[in-house]
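Just so we're on the same page: letters track the sequence lines, and every chain starts at 1. Values below: every heavy atom of this structure, side chains too, minus hydrogens, waters and symmetry copies.
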2 protein chains.
Amino acid sequence: MSEQDAGSYTPSEYRTPDGAPSDIVVFTITATEKLSAKKSLPVRKLEVLLIQRKKWPFEGKWALPGGFTRESETVQACARRELLEETGVSDVHLEYFNVYSDRGRDPRGWMISHAFFALVQETYVANRRTSDEASDVRLLPVEEALAMELAFDHRTILQDALDRIRLKMLTTTIAKEFLPERFTISELYQVIRTVVPAFEERNFIRKITSTQSRKGILEEVRDRSGQPMMSNRYSQRPAQLYRFTDYVPELSIYG
Amino acid sequence: MSEQDAGSYTPSEYRTPDGAPSDIVVFTITATEKLSAKKSLPVRKLEVLLIQRKKWPFEGKWALPGGFTRESETVQACARRELLEETGVSDVHLEYFNVYSDRGRDPRGWMISHAFFALVQETYVANRRTSDEASDVRLLPVEEALAMELAFDHRTILQDALDRIRLKMLTTTIAKEFLPERFTISELYQVIRTVVPAFEERNFIRKITSTQSRKGILEEVRDRSGQPMMSNRYSQRPAQLYRFTDYVPELSIYG
DNA sequence: TCAATAGTGTCTGTGAGACAGTATGCG
DNA sequence: CGCATACTGTCTCACAGACACTATTGA
């Protein structure tokens, strides 16, 4: 029955968890200019923020940032706080996605861990710092991180988080978390492909701008006089700038 | 840093949670025949299994079934166990969807609750029983349950679970959990509409059976000799029976 | 002029959506 | 024959998908 076995609950009667940590998978997309002198689209890479542990257990190993929930806060607040302490940023997309409670996942005791993912702009994590608890903090390409032997069950957590953001990248508008407020269609396409390499749409511009079908996800940016705003950051020919509307698309396999 | 504040962790140093319960939102769809003598589609209703609490806190109030996680099990195992103890069934769709940790959500102490939803056939919960902990166990229409004052934050949990299964009903094939292995298109349509009343597709049969577009979600059932299998349970004219394939549809807002 | 990106023109096949019409079989 | 459900015929309009073509502008 719901939480009622503890009607006569006393701390000595039942074993209780030794802690409820939050772990945060911080994703970012780095963009590095191509060597060629001419204007061209940058090479984008999906990276994850990892810290190198200083103490037992798993000292020296790379791990996800995170920390223990305090009695006064929710697990979401804990994740938000740890993210701020860790990366110095707030107001980013932070989302809970799973719980990890396998016996023995933490040698220190019975720990039930709550896993979040965060999507942040590259500039936000540029000024990261090591803390007392970590000997190093680093952005690593996701594929590289998955090939490493991470602390705890953090490899599993990272893989689950990756699966989740791949799904959400295609079914929601979270791509916006990796983009400036105004962006070109090429930028959007590159962000999607960076997270989901399998995604390939030759007529991407056509579909996204064919006002009827994917209606309302994006809108053209115009200046005060109604002129379309363009960008030539990545190309000689200026490209139309777009922004996401607050339209929430609804998907269905049945119609 | 990840779980490393407790590098020098001792139980007395930090406050730890007083328990990690699991709560389970058990959904079922009941079907009652219409009064009219003729064959016709049954009236379906989405219902949720609630228990009436016997003890403090919230004694007398209705609540979701659930219970405390033991050190030896994962929270998923806990939910599965509680579901078995509560409803006597196993092998049903059981899925984790959120964590609830608001301060003060449980007057007994610091409880971090893990919420699951289960989708079960009506026949599975028919032989439910009250346990020591509950004075009554009942199936209630979801809308009715949401209008009640439930124990703890269970109204919120129920609402979240409902939102989640509405989303999954349209984007995955979980409708199968409410259907027999072989079913007619009308039954499928009714199940979807019972969970998501806003869903309305006039040409539902056309779309679902137009082999190209929603390709592979369903397949016609045929007997050994290759004859299509029909059912006249709900109609004079026999209707083709279908089953779900194991095809997993992929959705995207971009193409 | 070339390179690199940003588009547009045009054609074809598929299918979504609407709605009227036909099919089945029991009471 | 009426009723309730189960389809099918047929039309229109949209658009997905392919691919060749033009546009823009700095180096």
Side-chain angles (χ1 to χ4, degrees), chain A residues 31 33-44 170 182-191 193 199-218 220-221 227-242 249-255, chain B residues 31 33-44 170 182-191 193 199-218 220-221 227-242 249-255:
Chain A
E33 304 299 325
K34 282 207 194 96
L35 291 177
S36 68
K38 311 209 170 186
K39 285 189 180 184
S40 64
L41 292 167
V43 175
R44 293 179 196 268
L170 296 182
R182 304 193 281 232
F183 52 86
T184 65
I185 299 295
S186 288
E187 285 183 280
L188 171 59
Y189 185 61
Q190 279 216 331
V191 163
R193 292 222 50 184
F199 182 81
E200 199 170 315
E201 288 293 333
R202 305 205 171 155
N203 278 348
F204 186 67
I205 294 184
R206 292 301 266 284
K207 296 174 89 162
I208 211 65
T209 57
S210 68
T211 42
Q212 287 297 68
S213 60
R214 316 290 161 194
K215 46 183 169 266
I217 297 174
L218 300 183
E220 296 177 8
V221 181
Q227 286 301 304
M229 291 185 68
M230 318 291 277
S231 157
N232 65 342
R233 202 153 95 87
Y234 301 119
S235 61
Q236 311 298 358
R237 175 172 171 175
Q240 174 67 50
L241 287 170
Y242 288 84
E250 281 168 27
L251 289 170
S252 164
I253 60 174
Y254 296 115
Chain B
E33 305 297 326
K34 282 206 192 93
L35 291 176
S36 68
K38 310 207 173 188
K39 287 190 181 183
S40 64
L41 292 167
V43 175
R44 294 178 197 268
L170 295 182
R182 303 193 283 233
F183 52 87
T184 67
I185 299 296
S186 288
E187 285 183 280
L188 171 60
Y189 186 61
Q190 279 216 333
V191 163
R193 292 222 50 184
F199 182 81
E200 198 170 318
E201 289 293 332
R202 307 209 167 149
N203 278 348
F204 187 67
I205 295 185
R206 290 304 264 284
K207 298 173 88 160
I208 210 67
T209 57
S210 67
T211 43
Q212 287 297 69
S213 60
R214 316 290 162 195
K215 44 182 171 267
I217 296 173
L218 300 183
E220 295 179 8
V221 181
Q227 286 300 305
M229 291 186 67
M230 316 292 278
S231 158
N232 65 342
R233 203 153 95 88
Y234 300 120
S235 62
Q236 311 298 357
R237 173 171 172 176
Q240 175 65 50
L241 287 170
Y242 288 84
E250 281 168 26
L251 289 171
S252 165
I253 61 174
Y254 296 115

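Between C:dT5, C:dC19, D:dG17, one nucleotide has an atom nearer to the side chain of A:Lys207 than all others, and that is D:dG17. Checking D:dG17, C:dT24, C:dT5 against the side-chain heavy atoms of A:Ser235 singles out C:dT5 as nearest. Across D:dC19, D:dC7, D:dT22, the shortest atom-to-atom separation from the side chain of B:Arg237 is found for D:dC7. Between C:dA6, D:dT8, D:dT24, one nucleotide has an atom nearer to the side chain of A:Thr184 than all others, and that is C:dA6. The side chain of B:Gln240 has D:dC7 as its nearest neighbour among D:dC7, C:dA18, C:dT8. The side chain of A:Gln236 lies closest to C:dA4, out of C:dT10, C:dG7, C:dA4.
When the P atom of D:dG26 is taken as reference, atom CD of A:Glu33 falls 17 Å away, rounded to whole Å. Atom CG of A:Leu41 is separated from atom P of C:dA4 by 11 Å (rounded to the nearest Å). Rounded to whole Å, the distance from CG on B:Asn203 to P on D:dA14 is 18 Å. Atom CZ of A:Arg206 is separated from atom C1' of D:dC21 by 12 Å (rounded to the nearest Å). Separating the CZ atom of A:Arg233 from the P atom of D:dG26 is a distance of 17 Å, rounded to the nearest angstrom. Atom CE of B:Met230 and atom C1' of D:dA6 are 8 Å apart (whole Å). Rounding to whole angstrom units, CD of residue B:Glu200 and P of C:dC19 are separated by 12 Å. As a whole-Å value, the separation of A:Asn232 CG from C:dT5 C1' is 11 Å.
B:Ser210 has a side-chain polar atom (N or O) that falls below the 4.0 Å cut-off from OP1 or OP2 of C:dA16.
With contacts defined as side-chain heavy-atom distances shorter than 4.5 Å, the pair A:Tyr242/A:Thr184 does not qualify. You'll find the side chain of A:Phe199 reaches within 4.5 Å of the side chain of A:Tyr189, heavy atoms only.
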Can A:Glu201 and A:Arg193 be said to form a side-chain contact (heavy atoms from CB on, under 4.5 Å), step by step? CA-CA 10 Å; A:Glu201 288 293 333; A:Arg193 292 222 50 184; over 6 Å; no

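Residue whose closest nucleotide on DNA chain D sits further toward the 5' end, between A:Glu201 and B:Tyr234: B:Tyr234.
In this structure, A:Ser235 contributes its side chain and A:Asn232 its backbone to no donor-acceptor pair below 3.5 Å. The main-chain N or O of B:Leu41 is never found under 3.5 Å from a side-chain atom of B:Glu187 such that the two would form a donor-acceptor pair.
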